Asks: 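The structure under discussion is supplied below as structure tokens; questions concerning it will follow.
Everything numeric in this text was worked out from a predicted model, so none of it was measured. Reminder, nothing fancy here: chain letters follow the sequence lines and each chain counts from 1.
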Amino acid sequence: MPTNKDLAELLFPEVKLTIEDLEAKYPLRNLPEGAEVTRFAPSPTGFLHTGSLFTSMISYYVAKHSKGVYFFRLEDTDTKRTIVGSEVDLLNQLSIFGINADEGYSLDGDRGIYGPYKQSERREIYKIVIKELISRGRAYPDFCTPEDLEKIRASQEANKVLPGYYGIYARDRNLSVEERITKINAGVPYVIRFKSNGNHERKTSFDDAIRGTIELQDNDTDVVILKSDGLPTYHFAHVVDDHFMRTTLISRGEEWIPSTPIHLDMYSALGWKAPRYAHIPSIMKLDYGNKRKLSKRKDPEAAVSYFLKEGYPTNAIKVYLMSIANSNFEEWTIQNNSYDLDAFPFSIERMSLDGALFDQDKLNYFSKEILAKMPLEEEFVLVKAWAKEYNEEFFSYIVKDEEYFKKILNIEKDRPNPRKDYAKYSDIYPLIKYFYKDKWDEIFSRGLSFKETLSREDIVSLLKDIKENMLFGSDESSWWNGFKEIAARDGFAISNKEYKLNPGAFKGNISDASEILRVVVTGANQSPNLHEILEILGKEEVIRRIDTVISC
RNA sequence: GGCCCCAUGGUCAAUCGGUUAAGACGGAACCCUCUCAAGGUUCAAUGACAGGUUCGACUCCUGUUGGGGUCGCCA
């Protein structure tokens with residue numbers, strides 16, 4: 001009578017090692033008390049998702065603050081969905097955000113002794129565990145075709161019972177070893193399923209690091225652990241990898257809560273201690289009045305690349321995400337006058353339990369704060385790098401005269417309450433184009449629009465006076481006083497009070513006079529501090545612009 | 001549909017049985033002001049519902065409702 005051991009040997013004759021060997025190969029980590037081993041384990045199926053960045057940040061900071069280890073594992077077991085090369089984008093984007101792993105899969109190969117860190121290279125390990133599971137009767141080959149499974153499902157639906165491969169519906173779970181061997185020798189295709197001893201009527205519970213005790217129905221499904229392509233499923237790979245990589249805390253999306261009993265079932269079948277789980281709430285979005293998970297397909301902001309392209313400082317994005325993760329973070333930033341995430345005592349217990357709606361306004365707010373307070377040189381480097389990648393024209397103007405661009409960037413920056421015009425790098429260029437001669441010419445050729453109450457003659461005569469008499473190279477208050485004199489001479493009221501008292505006596509208010517200059521110089525009726533703009537442009541260019549307007 | 005998770009202003013939320021129910025974003029108003037961006041001051045806006053437990057409930061329990069998730073040889 002052949003035994004399960006014979007079956008295992010038939011299936012995996014090449015496998016000689018045992019689980020014990022693996023235990024020895026991957027020793028327990030020698031870490032201080034309380035240190036957490038966490039990981040980020042994405043599939044190479046596209047660019048980094050905003051929710052993934054969120055989860056990876058949490059894992060990263062938990063490990064960092066507990067003096068533990070944060071590692072990166074590539075879960076490339078779904079060959080159909082894999083996008084070749086996307087792990088490069090994933091890793092690059094993570095590194096742009098400074099979420100660098102202590103060990104794991106990287107572009108320069110594996111770092112660390114718990115590898116390989118790429119699941120497709122861990123086939124041997126999975127086989128060792130599966131072979132042992134089969135000899136112990138806790139896993140078995142299942143010969144159902146997709147059509148067979150469909151039939152089972154259809155009958156379950158017809159009978160209104162729970163769909164799935166369990167109990168009496170697990171067609172092949174009670175096949176005799178002989179029958180299995182016969183089929184295998186006949187070349188019938190198969191998958192390997194885990195044989196669950198669970199009882200659906202009973203409950204299992206576990207202690208979630210964020211949510212506390214969660215009670216679920218016990219798993220009784222014989223899940224597939226090895227697919228017909230020889231690669232493991234997530235359920236199995238997770239259990240094996242996180243056991244042998246000695247992970248202590250699994251942080252993953254809350255969509256995994258319902259399948260946790262499967263994982264617990266396997267841990268217990270293998271006699272392993274399960275790690276703790278932290279199920280992270282999803283980031284949501286409001287869609288026609290309904291909350292739903294950010295979707296990569298529908299929402300541009302679901303991909304981290306969107307924010308990079310828009311030119312948000314990476315720190316702003318992290319700060320926003322941290323404000324969702326720990327709501328006391330915002331108060332902390334105010335109290336400490338700092339956006340230094342490394343210094344913030346992040347706590348996983350403090351995480352809120354429901355999914356936050358993605359709030360672009362709040363992101364913009366943080367981003368403006370961060371950009372406004374960023375030192376000029378630092379901002380310059382970042383803007384330049386962004387422009388190089390995403391806005392060629394902008395970049396060409398920056399490099400033409402870097403010092404000139406720095407002056408523009410520095411407008412009203414070096415003061416206690418700096419300007420907050422820009423939430424992202426892409427906001428900059430449209431607002432500063434007029435500083436460049438040929439761009440101003442373009443603006444001018446499209447026509448300037450002055451206030452309707454002012455006549456062409458009034459405008460021209462004021463401009464002529466400005467051209468002749470306005471101060472350059474002086475401090476702001478002297479310039480302003482001089483400007484007021486000019487305006488007064490040309491029939492403008494130099495104070496609001498004066499104007500309101502007798503509007504008929506004036507061509508306009510001082511604000512109208514300065515608006516004329518502003519429109520001429522910038523092409524717009526709104527701009528930052530005029531004095532700074534005039535000084536940056538220089539006398540020659542300002543007069544050129546005035547002349548162009550006068551003579552048109 | 002079964003099972004699970006969640007529930008304080010428009011958004012993010014504090015409170016861990018006793019508060020006039022914080023704070024931030026966003027909104028509104030006013031002040032400042034050569035426009036704008038800021039800044040300052042002020043305002044509006046929250047415990048889903050119904051039962052319990054308790055001297056006392058936003059807080060604990062039960063149910064309802066609502067929202068989300070999950071039920072694959074995808075992760």
Side-chain angles (χ1 to χ4, degrees), chain A residues 41-43 45 75-81 142 144-146 149 153 157 160-165 189-193 200 203 208 211 214-217 221 223-235 237-238 252-261 279 281-282 284 286 290-293 320 323-331 333-334 352-366 368 372 411-412 415-422 431 480 483-484 487 492 494-496 509-519 522 524-531:
Chain A
S43 302
T45 52
E75 308 219 321
D76 60 341
T77 57
D78 185 355
T79 46
K80 288 184 215 81
R81 287 201 317 150
D142 165 39
C144 286
T145 62
L149 294 173
R153 164 170 298 274
E157 269 166 25
K160 295 212 168 24
V161 298
L162 250 83
Y165 201 86
Y190 62 89
V191 296
I192 305 291
R193 285 182 185 269
H200 204 62
K203 301 271 189 180
D208 189 276
R211 291 159 202 271
I214 294 180
E215 200 177 60
L216 292 143
Q217 285 175 329
T221 300
V223 292
V224 173
I225 56 179
L226 197 72
K227 299 182 281 186
S228 52
D229 61 7
L231 256 11
T233 56
Y234 170 86
H235 298 306
H238 148 54
R252 46 148 63 156
E254 63 180 335
E255 67 271 18
W256 289 106
I257 293 175
S259 45
T260 306
H279 288 100
S282 326
M284 315 291 276
L286 212 52
N290 293 319
K291 246 177 149 184
R292 60 167 171 75
K293 249 175 89 173
Y320 171 64
S323 82
I324 295 179
N326 268 189
S327 64
N328 58 319
F329 172 62
E330 222 180 317
E331 269 180 52
T333 63
I334 294 166
S352 89
L353 306 180
D354 65 339
L357 242 31
F358 187 84
D359 187 346
Q360 187 102 26
D361 282 332
K362 194 98 187 206
L363 203 215
N364 285 343
Y365 161 76
F366 283 127
K368 281 185 176 186
I411 293 173
E412 294 179 65
R415 49 172 75 183
N417 288 317
R419 276 195 85 78
K420 293 175 186 168
D421 279 326
Y422 320 127
L431 289 174
W480 181 240
F483 185 79
K484 281 201 286 197
F492 289 87
I494 57 164
S495 81
N496 254 324
N509 193 1
I510 184 70
S511 61
D512 297 321
S514 47
E515 186 176 304
I516 290 170
L517 216 210
R518 171 170 289 113
V519 170
T522 70
N525 56 11
Q526 294 172 2
S527 81
N529 186 305
L530 250 183
H531 176 69

Asks: Could you measure between the two C1' atoms, the one in B:rG23 and the one in B:rA14, and give it in whole Å?
Replies: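 Approximately 7 Å lies between the C1' atom of B:rG23 and that of B:rA14.
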Asks: The criterion is side chain to side chain donor-acceptor pair (under 3.5 Å); which residues satisfy it with A:Arg419, sequence neighbours excluded?
Replies: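 In terms of side chain to side chain donor-acceptor pair (under 3.5 Å), with neighbours along the sequence ignored, A:Arg419 is linked to A:Glu412, A:Asp421.
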Asks: Write down the distance between CD1 (A:Ile334) and C1' (B:rC25), rounded to a whole number of angstrom.
Replies: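 To the nearest whole Å, that distance equals 11 Å.
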Asks: Please enumerate all residues that pass salt bridge (charged side-chain N to carboxylate O under 4.0 Å, His left out) together with A:Asp78, with sequence neighbours excluded.
Replies: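 With sequence neighbours excluded, A:Asp78 shows a salt bridge (charged side-chain N to carboxylate O under 4.0 Å, His left out) to A:Arg81, given in chain and number order.
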Asks: At under 4.0 Å between heavy atoms, which parts of nucleotides 30-39 of chain B does protein reach? Answer with one letter per nucleotide, 5' to 3': B base, S sugar-phosphate only, - none.
Replies: ----BBBBSS
Asks: Taking N or O atoms only and anything under 3.5 Å, show me the protein contacts with nucleotides 1-5 of chain B, one pair per line.
Replies:
from  : atom 1 : to       : atom 2 : distance (Å)
B:rC4 : OP1    : A:Lys203 : NZ     : 2.9
B:rC5 : O2'    : A:Arg211 : NH1    : 2.5

Asks: So A:Ser282 and A:Glu254, do their side chains get closer than 4.5 Å, heavy atoms only?
Replies: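 Touching, per the 4.5 Å side-chain cut-off.
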Asks: To the nearest 0.5 Å, what is the distance between CG (A:Leu363) and CZ (A:Phe358)?
Replies: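 A:Leu363 CG to A:Phe358 CZ: 4.5 Å, rounded to 0.5 Å.
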Asks: Quantified in whole Å, what is the P atom distance between nucleotide B:rC6 and nucleotide B:rC61?
Replies: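 After rounding to an integer number of Å, I get 11 Å for this pair.
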Asks: N/O contacts under 3.5 Å, protein versus nucleotides 73-75 of chain B?
Replies:
from   : atom 1 : to       : atom 2 : distance (Å)
B:rC73 : O2     : A:Ser228 : N      : 2.8
B:rC73 : O2     : A:Ser228 : OG     : 2.8
B:rC73 : N3     : A:Ser228 : OG     : 3.3
B:rC73 : N4     : A:Cys144 : O      : 3.4
B:rC74 : OP2    : A:Lys227 : NZ     : 3.3
B:rC74 : O2'    : A:Asp78  : OD2    : 2.5
B:rA75 : OP1    : A:Thr77  : OG1    : 3.0
B:rA75 : OP1    : A:Lys227 : NZ     : 2.9
B:rA75 : OP2    : A:Tyr234 : N      : 3.2
B:rA75 : O3'    : A:Ser43  : OG     : 3.1
B:rA75 : O3'    : A:Glu75  : OE1    : 3.0
B:rA75 : O2'    : A:Ser43  : OG     : 3.2

Asks: Say we look at B:rC3 and B:rG63: how far apart would their P atoms be, to the nearest angstrom?
Replies: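 Each nucleotide's P atom is 12 Å from the other's.
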Asks: Check whether any side-chain heavy atom of A:Arg211 lies under 4.5 Å from a side-chain heavy atom of A:Pro281, and answer yes or no.
Replies: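 A side-chain contact exists here, since the closest heavy-atom pair is under 4.5 Å.
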Asks: Rounding to an integer number of angstrom, what distance separates B:rC49 and B:rC31 when you compare their C1' atoms?
Replies: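 Rounded to whole Å, the distance is 44 Å.
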Asks: Considering residues at least two apart in sequence or located in another chain, which fulfil the ring-ring contact (aromatic ring centres under 6.0 Å, His included) criterion with A:Tyr190?
Replies: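 For A:Tyr190, no residue satisfies ring-ring contact (aromatic ring centres under 6.0 Å, His included) once neighbours in sequence are set aside.
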Asks: On a whole-Å scale, what distance lies between the C1' atoms belonging to B:rA44 and B:rG27?
Replies: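 Each nucleotide's C1' atom is 9 Å from the other's.
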Asks: For B:rC58 and B:rU70, measure between their P atoms and round to the nearest Å.
Replies: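 That atom pair is separated by 34 Å.
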Asks: Hey, does the side chain of A:Asp512 reach the backbone of A:Phe492 with a donor-acceptor pair shorter than 3.5 angstrom?
Replies: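 Here the side-chain-to-backbone pair does not exist.
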Asks: Has the side chain of A:Thr77 got a donor or acceptor atom that lies under 3.5 Å from a matching backbone atom of A:Thr233?
Replies: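 Between the backbone of A:Thr233 and the side chain of A:Thr77 there is no qualifying donor-acceptor contact (under 3.5 Å).
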Asks: Do any N or O atoms from the side chain of A:Thr221 and from the backbone of A:Val223 form a donor-acceptor pair under 3.5 angstrom?
Replies: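 The answer is no, because no donor-acceptor pair under 3.5 Å joins these two groups.
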Asks: What is the distance, rounded to the nearest whole Å, between atom CZ of A:Phe366 and atom P of B:rG26?
Replies: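 A:Phe366 atom CZ is separated from B:rG26 atom P by 10 Å.
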Asks: Side-chain contact, heavy-atom cut-off 4.5 Å: A:Asp142 with A:Val224?
Replies: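 Result no, sub-4.5 Å side-chain heavy-atom pair not found.
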Asks: Please list, chain by chain and in numerical order, all residues satisfying side chain to side chain donor-acceptor pair (under 3.5 Å) with A:Tyr234, sequence neighbours excluded.
Replies: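 Applying side chain to side chain donor-acceptor pair (under 3.5 Å) to A:Tyr234 gives A:Arg252.
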Asks: For A:Asn326, check side chain to side chain donor-acceptor pair (under 3.5 Å) against everything at least two apart and list the hits.
Replies: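 With sequence neighbours excluded, A:Asn326 shows a side chain to side chain donor-acceptor pair (under 3.5 Å) to no residue whatsoever.
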Asks: Let me have RNA chain B in dot-bracket notation, would you? Count Watson-Crick plus G-U wobble pairs, both distances under 3.5 Å, and use [ ] for pairs crossing earlier ones and | for inter-strand partners.
Replies: (((((((..(((.....[....))).(((((.......)))))....(((((..]....))))))))))))....
Asks: Does A:Asp359 offer a backbone N or O that forms a donor-acceptor pair with the side chain of A:Tyr320 under 3.5 Å?
Replies: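 Yes, A:Tyr320 side chain to A:Asp359 backbone: donor-acceptor pair under 3.5 Å.
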Asks: Checking A:Glu515 now: which residues fulfil side chain to side chain donor-acceptor pair (under 3.5 Å) with it, not counting sequence neighbours?
Replies: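 Side chain to side chain donor-acceptor pair (under 3.5 Å) list for A:Glu515, sorted by chain: empty.
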Asks: Just to verify, what does A:Ile334 make a side-chain contact (heavy atoms from CB on, under 4.5 Å) with, not counting sequence neighbours?
Replies: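 Residues passing side-chain contact (heavy atoms from CB on, under 4.5 Å) with A:Ile334: none at all.
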Asks: If you measure from the P atom in B:rG9 to the same atom in B:rG67, how many Å do you get, rounded?
Replies: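 Comparing P positions in B:rG9 and B:rG67 gives a spacing of 16 Å.
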Asks: Give each protein N/O atom lying under 3.5 Å from an N/O atom of nucleotides 8-12 of chain B, with the pair distance.
Replies:
from   : atom 1 : to       : atom 2 : distance (Å)
B:rU11 : O2'    : A:Asp359 : OD2    : 3.3
B:rC12 : OP1    : A:Leu357 : N      : 3.0

Asks: Decide yes or no for A:Leu517 and A:Phe483: does some side-chain heavy atom of the first lie under 4.5 Å from some side-chain heavy atom of the second?
Replies: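 Heavy-atom side-chain distance check passes, below 4.5 Å.
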Asks: Please measure how far the C1' atom in B:rG39 lies from the corresponding atom in B:rA13, and state the result in whole Å.
Replies: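 The answer is 25 Å between these two C1' atoms.
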